[in-house]
Amino acid sequence: MNYWLVKSEPSTYSWDDLQKDKKTTWDGVRNYQARNNLKEMKKGDLLLFYHSNEDKAIVGIAKVSKEQFPDPKDKDWIAVEIAPERKLKTPVTLAQAKVDKKLSNMVLVKSSRLSVQPVKREEFDWIINLSEG
DNA sequence: GCCAACGTTGGC
DNA sequence: GCCAACGTTGGC
């Protein structure tokens, strides 16, 4: 079981949109590193759902409901399907992650532009702990 | 809205 | 294959 983080601008597609839709095709990724991460995703893997720009916070947990398939908009790229797992009780902000010793090595902090990134199990668990104690 | 950081493109 | 130019992302 692996853990990931995906980013979305809430004005484009928010956590609430995902909860409303019950599932969504995570397509439109046009970056090789991000694509490689998409390829690694297995059904049942958990994803942190991060709101960039407006919130700059991890707001929910989603899971991979369908493994890689061709991006419907461009067959040279791939997509996965994700479904909401649950909303975090309190969002964990980027500012929190930056100052937290356990999270300061996260890809989110180190390489902020990557839109699909791996998360370590310890990081994932600690984020849940920060959010829900 | 600005701009730094980074990835991609294309001329050589 | 190098690297300058360019476009995009995303924090501030």
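Worth saying up front: this structure is predicted, and the values here are computed from it rather than measured. We name chains A, B, ... by the order of the sequence lines, and we start the count at 1 in each one. As a basis for the values below, the full set of heavy atoms in this structure was taken, side chains included, without hydrogen atoms, waters or symmetry mates.
Atom-to-atom, CD of A:Q33 to P of B:dA5 comes out at 18 Å; the value is rounded to the nearest Å. Regarding A:N31, its CG atom lies at a distance of 13 Å from the C1' atom of B:dA5, rounded to whole Å. Rounded to whole angstrom, the span from the CG atom of A:L5 across to the C1' atom of C:dT9 amounts to 15 Å. For the pair A:E9 CD and C:dT9 C1', the computed distance is 8 Å after rounding to whole Å. Atom CG of A:N53 and atom C1' of B:dC2 are 13 Å apart (whole Å). Distance CZ (A:R113) to P (B:dT8): 9 Å, rounded to an integer number of Å. Counting to the nearest Å, the P atom of B:dG1 and the CD atom of A:E54 are 14 Å from each other. Atom-to-atom, OH of A:Y32 to P of C:dT9 comes out at 15 Å; the value is rounded to the nearest Å.
Within 4.0 Å of A:L94, counting heavy atoms only, lie sugar-phosphate atoms of the nucleic acid but no base atom.
Taking the centre of each ring, A:Y50 and A:W4 stay at or above the 6.0 Å mark.
One distance of note links NZ of A:K42 with CD of A:E67; it measures 5.0 Å at 0.5 Å rounding.
Between A:K98 and C:dC12 there is a side-chain N or O to OP1 or OP2 distance below 4.0 Å. Contact check, A:Y50 against C:dT9: no side-chain N or O comes under 4.0 Å of OP1 or OP2.
With A:F69 as the aromatic partner, A:K66 meets the cation-pi criteria of under 6.0 angstrom to the ring centre and within 45 degrees of the ring axis.
Under the 3.5 Å distance criterion, the side-chain polar atoms of A:D71 are left unmatched by any main-chain donor or acceptor of A:A79.
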